[in-house]
Amino acid sequence: MLPPNPDYGSGLFRRRVRLRVAARHVTVELEDSNHAFRLVLRHDGERVTAIEPDYVRHPFTTCPESERHLAVLIGQRLDGTPFVRRMIETRSSCTHVTDMTALALTHALEDGLVRLYDIAVTDEREGRIQARGDCDGRTVHDWVCVGHAVVEPVAHAGQPMMRGFHAWTQAAFPAEAFEAALMLQRGYFVAQSRRYVTEPECEHPAIGDGLPEGVCYSYTTPVVQRARRIAGSKRDFTDDADGLLRFRR
């Protein structure tokens with residue numbers, strides 16, 4: 001298991017995702033403390049013709065290997081996200097790049113659309129975590145969580161932030177608010193990594209993290225046995241929201 005972070009409780013996890021749609025391609029960019037990815041999805045107006053991920057910054061040496069599993073989507077019709085998650089198993093993919101692909105497919109035919117998501121998740125303080133999701137500068141969701149369940153607003157009290165989240169939010173929210181909720185939940189999940197110290201990286205290979213088998217490609221046997229952390233791959237954007245999507249090396 002990873003050692004606890006003595007500074008946890010004083011910081012903030014940030015993630016930014018930008019979507020830009022053109023006539024025959026969609027660009028999605030994502031950056032947070034642990035990841036920086038770009039992705040271009042190309043199509044002919046009816047079917048996917050290419051998916052081009054760029055793993056700018058990633059935690060493990062094995063992460064880019066998951067790119068080959070996107071090939072199953074080439075030639076698929078532009079009918080949105082459901083088939084992405086049916087066709088690509090979590091254990092064979094990078095969760096974040098798969099989500100970026102699903103986002104691109106959802107909006108592939110909305111030429112000219114530009115959308116910016118900002119996610120902010122506080123460290124846990126006195127048992128409480130505040131998780132906020134903004135879209136194009138407007139707050140869509142602002143929740144207080146205790147024990148990985150929503151406690152505020154009261155209308156959502158008791159709803160899960162982990163297992164069961166997708167089913168709850170899909171039933172509770174219209175399409176755009178549901179999309180924003182998924183963005184927030186993914187950020188909430190990654191924000192938990194702030195609880196732990198991963199430096200020096202050479203002393204903390206993936207196999208020692210204690211995460212469930214198959215949570216993503218790099219945590220799947222036998223890949224996890226050779227997944228090594230990359231030195232200097234983490235960033236702290238607590239006080240640097242404007243640094244997101246600048247993809248600094």
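Heavy atoms only: backbone and side chains are in, while hydrogens, waters and symmetry mates are out.
- The main-chain N or O of Gly9 is found under 3.5 Å from a side-chain atom of Arg125 such that the two form a donor-acceptor pair.
- Here Arg14 does not pair with Asp242 in a salt bridge; the nearest charged N to carboxylate O distance is not below 4.0 Å.
- For the pair His35 and Leu30, the minimum side-chain heavy-atom distance is below 4.5 Å.
- A heavy-atom distance below 4.5 Å is found between the side chains of Tyr117 and Arg115.
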Inset, instruction - Go through Phe173 and His141 one step at a time and tell me if the ring pair (Phe, Tyr, Trp, His ring centres under 6.0 Å) criterion holds. - result: CA-CA 11 Å; Phe173 299 113; His141 301 294; 4.9 Å; yes

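- Between the side chain of Arg57 and the backbone N or O of Ser233 there is at least one donor-acceptor pair closer than 3.5 Å.
- Taking the charged nitrogens against the carboxylate oxygens, Arg16 and Asp134 have no contact shorter than 4.0 Å, which rules out a salt bridge.
- Leu2 is listed as a side-chain neighbour of His204, based on a closest heavy-atom distance under 4.5 Å.
- With no hydrogens or angles considered, a side-chain donor-acceptor pair links Glu213 and Thr221 at under 3.5 Å.
- Salt-bridge formation is detected for the pair Asp99/Arg186: a Lys NZ or Arg NE/NH1/NH2 atom is positioned less than 4.0 Å from an Asp or Glu carboxylate oxygen.
- In this structure a side-chain-to-backbone donor-acceptor pair under 3.5 Å is present from Thr122 to Gln130.
- In this structure a side-chain-to-backbone donor-acceptor pair under 3.5 Å is present from Asp32 to Asn34.
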Legend entry - CA sep, side-chain torsions, deciding dist, call: Tyr188, His148, side-chain hydrogen bond (donor to acceptor under 3.5 Å, both in side chains): CA-CA 9 Å; Tyr188 179 90; His148 299 321; 2.7 Å; yes

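- Judged purely by atom type and a 3.5 angstrom limit, Thr98 has no side-chain atom pairing as donor or acceptor with the backbone of Ser93.
- One N or O on the side chain of Tyr8 and one on the backbone of Glu124 form a donor-acceptor pair closer than 3.5 Å.
- A donor-acceptor pair under 3.5 Å is formed between the side chain of Thr220 and the backbone N or O of Cys216.
- Under the 3.5 Å distance criterion, the side-chain polar atoms of Glu31 are left unmatched by any main-chain donor or acceptor of Ala36.
- Looking only at side-chain heavy atoms (C-beta outward), Met183 and Val17 come within less than 4.5 Å of each other.
- Salt bridge annotation for Arg194-Asp236: present, with a cationic side-chain nitrogen under 4.0 angstrom from a carboxylate oxygen.
- Under the 30°/60° scheme for interplanar angles, the aromatic rings of Phe60 and Tyr219 are found to stand perpendicular.
- Looking at Tyr55 and Ser66, their side chains come closer than 4.5 Å, going by heavy atoms from C-beta outward.
- Heavy atoms from other residues, nucleotides or ligands lying under 6.0 Å from CD of Glu176 number 12 at most.
- No donor-acceptor contact under 3.5 angstrom links the side chains of Tyr217 and Thr95, judged on distance only.
- Contact check for Val190 versus His96: side-chain heavy atoms found under the 4.5 Å cut-off.
- In this structure, Asp136 contributes its side chain and Leu116 its backbone to a donor-acceptor pair below 3.5 Å.
- Side chains of Glu52 and Asp54 form no contact here, defined as non-hydrogen atoms less than 4.5 Å apart.
- Proximity of Met161 to Val150: side-chain heavy atoms (C-beta onward) are separated by under 4.5 Å at one or more points.
- Counting only N and O atoms by type, the side chains of Glu110 and His107 include a donor and acceptor under 3.5 Å apart.
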